[in-house]
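Read the numbers this way: they start at 1 and go in the same order the structure lists the ligands and their atoms.
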Amino acid sequence: MSKVAIITGSGAGLGKGIAQQLAKDGFKVVLQDINEDSLKETEKEFKNDGYEVASVAGDVSKKDDHEKFVKTAVDNFGQLDVYVNNAGIDIVAPFLETTEEQMNKIFAINVNGVMFGTQAAARQFIDQGSKGKVINACSIAGHESYEMLGAYSATKHAVKSLTHSASKELAKDNITVNAYCPGVAKTEMWDRIDAEMVKYNDDMEPGDAFKEFSGAISLGRYQEPQDVANLVSFLASEKADYITGQAIVTDGGLVYR
Ligand SMILES: NC(=O)C1=CN([C@@H]2O[C@H](COP(=O)(O)OP(=O)(O)OC[C@H]3O[C@@H](n4cnc5c(N)ncnc54)[C@H](O)[C@@H]3O)[C@@H](O)[C@H]2O)C=CC1
Ligand SMILES: CC(=O)C(C)=O
C-alpha cells in the first residue's frame, strides 16, 4: 500500500521540490502552506502530473493547525507515515537591531512549528500502531552561526536540538526523527536574504550576498531543490530505518561537520 506524507511549506521552494520527489517515490502527498494561492497552484500541477495529492492551508506556528494537517491526511488517504516539518522563515538583521517582534515570529514558525508538527505526527503514528518518520528542515545555520542571520541561526540550532531530543524519546514507539541541513539554495528565501543583506551594506549590489555565499561551495554551484529532495527521499525511505537523531548536511561542501 502507498505511504502517505505531509510536507509543510510545500506551495513553493524546497518544500515543493520535496513533495514532487516523494510523489515520484510513490507517496500520496498532502501539500500544506500558509499561502493559499501557491498551494492551490501547486496542487493543480501535481494533479496534472497524475500524483495522488490533497492540500490544506494553515500556519505551522499554530498547534491546532497541525492536527488539521494530520486529519487531512487521514481523511483523504487513511493513514500517515512521514511528516516533513519544512516550513520556515528568515530574518536578516544586525544583532543589535533584531526586535522582540522578529524574535517571537521566527521562533514561533521555525521552532514551535517543528515541535507542534512532531507532536501531532507522533500521536497519529502511535494511534495507528505503525512506525513513522519525522523529517525536519534544519540548515547549515544549525551547525554554523552567521552574521546578520543571528535569530535565524538560533532557530536552526534549536531545530537540531529538538531533532535530537524527539528522536531519543520517540525511538521506543518506532518513530525516527531526522533533519536535513541545506546550504545555499536559490529559492524565494535566498532572494529575500540577498535583498536584505544588500540594504545593510553600501558596498554590495543585488546578487552579491548570494554570490559570496554560493561562491564558497566546493562543488562549484548553488543548490537546487532537487538536491535537498534527494536527501529527504532517502530519509523517508525504509533504507533510512536505522538512522535517527541526525541533522545531515547537504550543501555541496560548505560547512564541514
Ligand atoms: N533556501 C535555502 O538556501 C535554505 C533553506 N532552508 C530551510 O528550508 C526550508 C524551506 O526553505 P525555502 O523553500 O528556501 O523557503 P521559501 O521561503 O522559499 O518557501 C517557504 C514556504 O513556506 C511557506 N510558509 C512560510 N511561513 C509559513 C507558515 N507559518 N506556515 C506554513 N507555511 C509557511 C511559504 O509560504 C513558502 O511557500 C526552511 O525551513 C528554510 O529555513 C535551510 C537552509 C538553506
Ligand atoms: C538560508 C539559510 O538557511 C542559510 C543561510 O543557511
Side-chain angles (χ1 to χ4, degrees), residues 6-20 30-43 55-66 68-69 83-92 104-114 116-117 135-160 162-163 179-197 209-210 212-214 216-217 221-229 231-232 247-252 254-255 257:
I6 296 175
I7 306 96
T8 67
S10 50
L14 300 183
K16 180 176 174 183
I18 290 165
Q20 271 164 332
V30 177
L31 304 172
Q32 187 287 323
D33 211 284
I34 200 167
N35 181 329
E36 297 197 24
D37 292 340
S38 66
L39 183 64
K40 284 293 155 208
E41 199 50 45
T42 299
E43 185 182 22
S55 75
V56 56
D59 180 347
V60 296
S61 70
K62 301 203 164 101
K63 188 171 161 66
D64 289 350
D65 280 15
H66 290 274
K68 194 171 74 176
F69 309 158
Y83 202 94
V84 185
N85 282 309
N86 169 76
I89 60 163
D90 56 282
I91 282 168
V92 177
N104 288 339
K105 183 172 181 195
I106 198 165
F107 270 82
I109 294 173
N110 292 11
V111 182
N112 299 5
V114 167
F116 300 148
I135 305 173
N136 298 327
C138 187
S139 166
I140 49 171
H143 292 276
E144 179 75 52
S145 301
Y146 292 95
E147 288 169 75
M148 303 293 287
L149 288 166
Y152 179 83
S153 301
T155 66
K156 293 302 180 180
H157 277 70
V159 169
K160 185 175 64 178
L162 289 179
T163 302
Y180 52 100
C181 304
V184 185
K186 192 148 181 32
T187 61
E188 283 173 23
M189 177 175 280
W190 246 106
D191 291 345
R192 283 192 305 269
I193 292 174
D194 184 78
E196 286 299 311
M197 285 201 171
F210 184 75
E212 194 181 307
F213 270 78
S214 55
I217 296 171
R221 66 166 176 87
Y222 62 76
Q223 187 156 36
E224 301 286 354
Q226 187 62 49
D227 298 311
V228 180
L231 172 58
V232 177
I248 300 173
V249 176
T250 165
D251 69 354
L254 189 56
V255 164
R257 288 295 179 275

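- Salt-bridge formation is detected for the pair Asp191/Lys186: a Lys NZ or Arg NE/NH1/NH2 atom is positioned less than 4.0 Å from an Asp or Glu carboxylate oxygen.
- Using a distance-only test at 3.5 Å, with no hydrogens or angles considered, a donor-acceptor pair links the side chain of Asp33 to the main chain of Gly11.
- The nearest non-hydrogen atom to atom 7 (C) of ligand 1, considering only Phe69, Tyr180, Tyr152, comes from Tyr152.
- For Lys156, there are no side-chain hydrogen bond (donor to acceptor under 3.5 Å, both in side chains) partners at least two apart in sequence or on another chain.
- On a distance-only criterion, Val60 and ligand 1 share at least one N/O pair closer than 3.5 Å.
- For Asp37, there are no salt bridge (Lys or Arg N to Asp or Glu O under 4.0 Å) partners at least two apart in sequence or on another chain.
- Looking at Cys138, Cys181, Gly88, Ala141 and measuring to atom 42 (C) of ligand 1, the nearest heavy atom belongs to Cys138.
- When Pro182, Gly117, Ala12, Ser10 are checked for heavy-atom proximity to atom 43 (C) of ligand 1, Pro182 turns out nearest.
- Atom CD of Gln226 is surrounded by more than 12 heavy atoms from other residues, nucleotides or ligands within 6.0 Å.
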Can you list every pair where an N/O of ligand 2 is under 3.5 Å from an N/O on the protein?
{"unit_1": "ligand 2", "atom_1": "3 (O)", "unit_2": "Ser139", "atom_2": "OG", "d": "2.9"}
{"unit_1": "ligand 2", "atom_1": "3 (O)", "unit_2": "Tyr152", "atom_2": "OH", "d": "2.6"}
{"unit_1": "ligand 2", "atom_1": "6 (O)", "unit_2": "Ser139", "atom_2": "OG", "d": "3.0"}

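- Ligand 1 does not have Lys16 within reach: every non-hydrogen atom of the residue lies 4.0 Å or more from it.
- Residues meeting the ring-ring contact (aromatic ring centres under 6.0 Å, His included) test with Tyr180, sequence neighbours left out: none.
- For the pair Ser153 (side chain) and Tyr146 (backbone), a donor-acceptor distance under 3.5 Å is present.
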